[in-house]
Amino acid sequence: MKKILLGALVLGFMSACNTDNLSNQNETPLDQETSAPSALKRSCPSEGIRQAMLLKNPALKQKMADIEFGTEKFTENLKLGKVLADGTVEIPVVFNVIYNTSAQNVSDARIAEQIAVLNADYGATNSDINKIPSAFQPSAAGDVKIRFKLVATNRKQSTKTGWRSDLEQMKKASTGGIDATDVNKNMNIWVVNSILDENNQPGTLGYAYYPENAGQWYDGLVIGYQYIGKTGASAPFNLGRTVTHEVGHYLNLPHLWGSSDTGCQTDYSNDTPTSPGPNYGNPTYPLNRVCGGVSRSQMFMNYMDYVDDKSMVMFSANQKTRMQAVVAASGPRSGLR
């Protein structure tokens, strides 16, 4: 697919800075929260990893601020009609598969399925899009105008049975992993047999780095092999939506509840209702939860919540704008175009 310029973008400056923390899977649920039908709940440490990187490298805070400033300016330009060319950006994708057993060596067919899922979800051609409640249909993004093209698959067998998210050893050949393929021009996805936290505990489905890390050797996504594609993937995360969710982070989308594990914070998209924290399993609409003393119907079917794959079906219009700003000509991920 031809890569097309999204439009002219003039970056501005403002004073806000987003510092996100991990909202973890053990958060005490509110009365309205729906429990997952399985022992495993979705867990995404991308926010916690972001906070850790900010502590290690304070210069990233300014990069984050610049990205938010640019996103705000991009949004204002859209309102004023200043962005004239509206096309589709195609992101090259490199899969780096590190496996211990043959069962963990995900097939080319499953990787192709995953690319198809991404293109359907980001193009709003997913077969379950009709699940969007009528109340949220005016807020739906429709086609995000971002597509994904597989350009390479690298494979390596390893004796390791797990990879810690805080060490990033899967991303270095010198530590048994696979070096990234030009992070400035490709979205790298490392597929591993098990993702461990800093306490060597398994259970993480995947994680990703936000755009302020663009160009760094570790930039990209890490996904457990069980959650790639559909065929043979592990229920209830067997429709490829773990990657859809993590690509959202890669393109600057926070979780719906914001940066705090107590929730009720901004996700910088004013068309997603304020949320007190993750929703799990397969909730029934309407699901009302309280923030600031106000009960709001939750957009739990959004890809940036924690529900099971079959309950995720949409992005919002404001989320679309945020992602477009990131891949625009002056955005932090413009090299992917």
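Minimum interatomic distance between Leu55 and Pro58 (heavy atoms only, all atoms of both residues): O-CD, 4.2 Å. Looking at every heavy atom in both residues, Met299 comes nearest to Ser139 through CE-CB, 4.3 Å. Between Glu212 and Lys63, the shortest heavy-atom distance links the atoms O-CD, 3.4 Å. In terms of heavy-atom proximity, His255 sits nearest to Cys44 at NE2-SG, 3.5 Å. Of all the heavy atoms in Phe136 and Pro273, the pair that sits closest is CE2-CG, 3.9 Å. Considering every non-hydrogen atom in both Met312 and Asn302, the closest pair reads CG-O, 4.1 Å.
Ion pairing between a basic and an acidic side chain is recognised when a charged N comes within 4.0 Å of a carboxylate O; Arg155 and Asp108 show such pairing. Salt bridge Lys310/Asp128: absent, no basic N to carboxylate O contact under 4.0 Å.
Side chains of Asn96 and Asn154: a donor-acceptor N/O pair is present below 3.5 angstrom, by distance only. A donor atom on one side chain and an acceptor atom on the other are found under 3.5 Å apart for Glu68 and Asn252. Using modelled atom types, one finds a donor on one side chain and an acceptor on the other under 3.5 Å when comparing Thr272 with Asp267. Between Gln298 and Tyr285, the side chains place no donor N or O within less than 3.5 Å of an acceptor N or O (distance only, hydrogens not considered). Glu168 and Tyr209 form a side-chain donor-acceptor contact under 3.5 Å, judged by distance and modelled atom types alone. A side-chain N or O of Thr231 and one of Glu113 form a donor-acceptor pair less than 3.5 Å apart.
For the pair Arg289 (side chain) and Pro276 (backbone), a donor-acceptor distance under 3.5 Å is absent. Formation of a donor-acceptor pair under 3.5 Å by the Gln137 side chain with backbone atoms of Ile132 is found in this model. Within the 3.5 Å criterion, the main-chain N or O of Ser259 finds no donor-acceptor partner in the side chain of Glu47. Lys320 places a side-chain N or O within 3.5 Å of a backbone atom of Asp143 that can act as its donor or acceptor partner. In this structure, the side chain of Arg322 does not engage the main chain of Thr71 through any donor-acceptor pair within 3.5 Å. Listed for the Thr204 side chain is no donor-acceptor partner under 3.5 Å among the backbone atoms of Gly206. Trp190 places a side-chain N or O within 3.5 Å of a backbone atom of Ile178 that can act as its donor or acceptor partner. Asn186 places no side-chain N or O within donor-acceptor distance of the main-chain N or O of Asn188, the cut-off being under 3.5 Å. Side-chain atoms of His249 never come within 3.5 Å of backbone atoms of Tyr210 as a donor-acceptor pair (strictly under, hydrogens ignored). Counting only distance, with no hydrogens or angles, the side chain of Asp271 and the backbone of Ala317 share a donor-acceptor pair below 3.5 Å.
Under the 4.5 Å side-chain heavy-atom criterion for ILVMFWY residues, no single connected hydrophobic cluster contains both Val183 and Tyr250. By the rule that hydrophobic residues join a cluster once side-chain heavy atoms approach within less than 4.5 Å of another member, Met170 and Val94 end up as members of separate clusters. In terms of hydrophobic clustering, with Ile, Leu, Val, Met, Phe, Trp and Tyr side chains grouped at heavy-atom distances under 4.5 Å, Met323 and Leu336 are assigned to a common cluster. Residues Leu221 and Leu196 are members of separate hydrophobic clusters, defined by side-chain heavy-atom contacts under 4.5 angstrom among Ile, Leu, Val, Met, Phe, Trp and Tyr. Under a hydrophobic clustering in which Ile, Leu, Val, Met, Phe, Trp and Tyr are joined whenever their side-chain heavy atoms come within less than 4.5 Å, directly or via other members, Val243 and Val117 fall into different clusters.
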message: Lys131 vs Met301, test: side-chain contact (heavy atoms from CB on, under 4.5 Å). Steps then yes/no.
response: CA-CA 8 Å; Lys131 292 182 179 179; Met301 67 293 305; over 6 Å; no
field: Pair Arg42-Asp309, salt bridge (Lys or Arg N to Asp or Glu O under 4.0 Å): steps then yes or no
entry: CA-CA 9 Å; Arg42 188 180 299 278; Asp309 278 20; 2.5 Å; yes
Evaluation steps, side-chain contact (heavy atoms from CB on, under 4.5 Å), between Arg110 and Val191: CA-CA 12 Å; Arg110 279 181 64 180; Val191 180; over 6 Å; no
message: Assess the residue pair Asn105 and Tyr225 against the criterion (side-chain contact (heavy atoms from CB on, under 4.5 Å)); give the C-alpha distance rounded to whole Å, side-chain angles, the decisive distance to 0.1 Å, and a yes or no.
response: CA-CA 8 Å; Asn105 186 14; Tyr225 81 95; over 6 Å; no
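Separating the OH atom in Tyr303 from the CG atom in Asn126 is a distance of 3.5 Å, to the nearest 0.5 Å. Between the CD atom in Glu246 and the OG atom in Ser46 there is a gap of 4.0 Å [rounded to 0.5 Å]. Atom NZ of Lys41 sits about 10.5 Å away from atom CG of Asn279, to the nearest 0.5 Å. Note that the OH atom of Tyr99 and the OG atom of Ser158 stand 10.0 Å from one another [nearest 0.5 Å]. To the nearest 0.5 Å, atom CE of residue Met187 and atom CG of residue Leu150 are 10.0 Å apart. Atom CG of Leu239 is separated from atom CZ of Phe237 by 11.0 Å, given to the nearest 0.5 angstrom.
Annotation: ring pair (Phe, Tyr, Trp, His ring centres under 6.0 Å) contacts of Tyr122 (sequence neighbours excluded): Phe148, Phe315.
A cation-pi arrangement is not found for Lys171 relative to Trp217, the charged atom failing to lie both closer than 6.0 Å to the ring centre and inside a 45° cone about the ring normal.
Using a 30° and 60° split on the angle between ring planes, Tyr306 and His245 fall in the tilted class, from 30° to 60°.
At most 12 heavy atoms of other shown residues, nucleotides or ligands fall within 6.0 angstrom of atom NZ in Lys230.
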